[in-house]
Amino acid sequence: MNATLASLDLSEIDFLLVDDNRFIRQLLLEILRSWGARSIREATGSEEALYEIERRPPDVIFCDWMMGPTDGLGFLKKLRTMKTHQRIPLIMVSGHATTDHVAAALGEGADSYIVKPFKPATLMSHLLKVISADETANAFMLD
């Protein structure tokens, strides 16, 4: 059974947005809020994200690939080695649209991969996939 936006209650889900680009964090924040999300935290990089995760593990992480000093793939690798937090769903959000980048992220344990720029419907599709663990949903879509 596939979940839909109408049947999904995001008000109890804690999101962490990890991106050094303020515009992208704001865009994700506004989209999630418009869908009813209330708990949305932001981090501008890997170290800040790890602090937030230790402080209170989120339910879902959206993470950019290109940020410094540790990129999103490095952050993902670190997260997947942390026994207590390795199962937190992570959606990689990146401007890299090559199959090599997608394969690398999914190979390191990303639950989904979204290419920038993206449409809200694409974001919802990927969010539904990781929340419902719906294996029939697309793991990678280009708009």
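Values below: all heavy atoms of this structure, side chains included; hydrogens, waters and symmetry mates excluded. Here, residue 1 is the first one in the sequence, and each next residue gets the next number. Just so we're clear, the structure is a prediction, and the values are computed from it rather than from any experiment.
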> Locate the shortest heavy-atom distance separating A110 from L76; write the atom from each residue and the value.
N-CD2, 3.5 Å
> Could you give the distance from CG (D19) to CD1 (I24), rounded to the nearest 0.5 Å?
6.0 Å
> Which of these passes side chain to side chain contact (heavy atoms under 4.5 Å, CB included) with D64: L28, V18, D20?
D20
> Among side-chain atoms of D9 and S11, is any donor-acceptor pair under 3.5 angstrom?
yes
> For the atom pair CD (E108) and CE (M92), what is the distance rounded to the nearest 0.5 Å?
9.0 Å
> For the atom pair CG (L27) and CG (L17), what is the distance rounded to the nearest 0.5 Å?
10.0 Å
> Which pair of heavy atoms, one from E48 and one from E42, lies closest together, and at what distance?
OE2-O, 3.6 Å
> So how far is it from M66 CE to L73 CG, rounded to the nearest 0.5 Å?
11.5 Å
> Would a single hydrophobic cluster contain both Y51 and I40, if residues Ile, Leu, Val, Met, Phe, Trp and Tyr are joined by side-chain heavy-atom contacts under 4.5 Å?
no
> Is P58 close to I53 at the side-chain level, that is, under 4.5 Å between some pair of heavy atoms?
yes
> Parallel under 30°, tilted from 30 to 60°, perpendicular over 60°: which one fits the rings of H101 and H96?
parallel
> Side chain to side chain contact (heavy atoms under 4.5 Å, CB included), that's the test. Do L50 and M82 meet it? Break it down for me.
CA-CA 10 Å; L50 291 171; M82 301 169 72; 3.8 Å; yes
> If you measure from CG on L32 to OG on S39, what distance do you get to the nearest 0.5 Å?
10.5 Å
> When rounded to the nearest 0.5 angstrom, what distance separates OG1 in T44 from CG in N21?
11.5 Å
> Output, in order, the C-alpha distance, side-chain angles, deciding distance and verdict of salt bridge (Lys or Arg N to Asp or Glu O under 4.0 Å) for D14 and R55.
CA-CA 13 Å; D14 184 31; R55 190 173 68 81; over 6 Å; no
> Flag yes if more than 12 heavy atoms outside R22 fall under 6.0 Å of its CZ atom; otherwise flag no.
no
> Counting only heavy atoms from other residues, nucleotides and ligands, does the tally under 6.0 Å from NZ of K116 exceed 12?
yes
> Begin with the C-alpha distance, continue with both residues' side-chain angles, and end with the deciding distance and a verdict on side chain to side chain contact (heavy atoms under 4.5 Å, CB included) for M67 and S46.
CA-CA 8 Å; M67 53 185 184; S46 298; 3.8 Å; yes
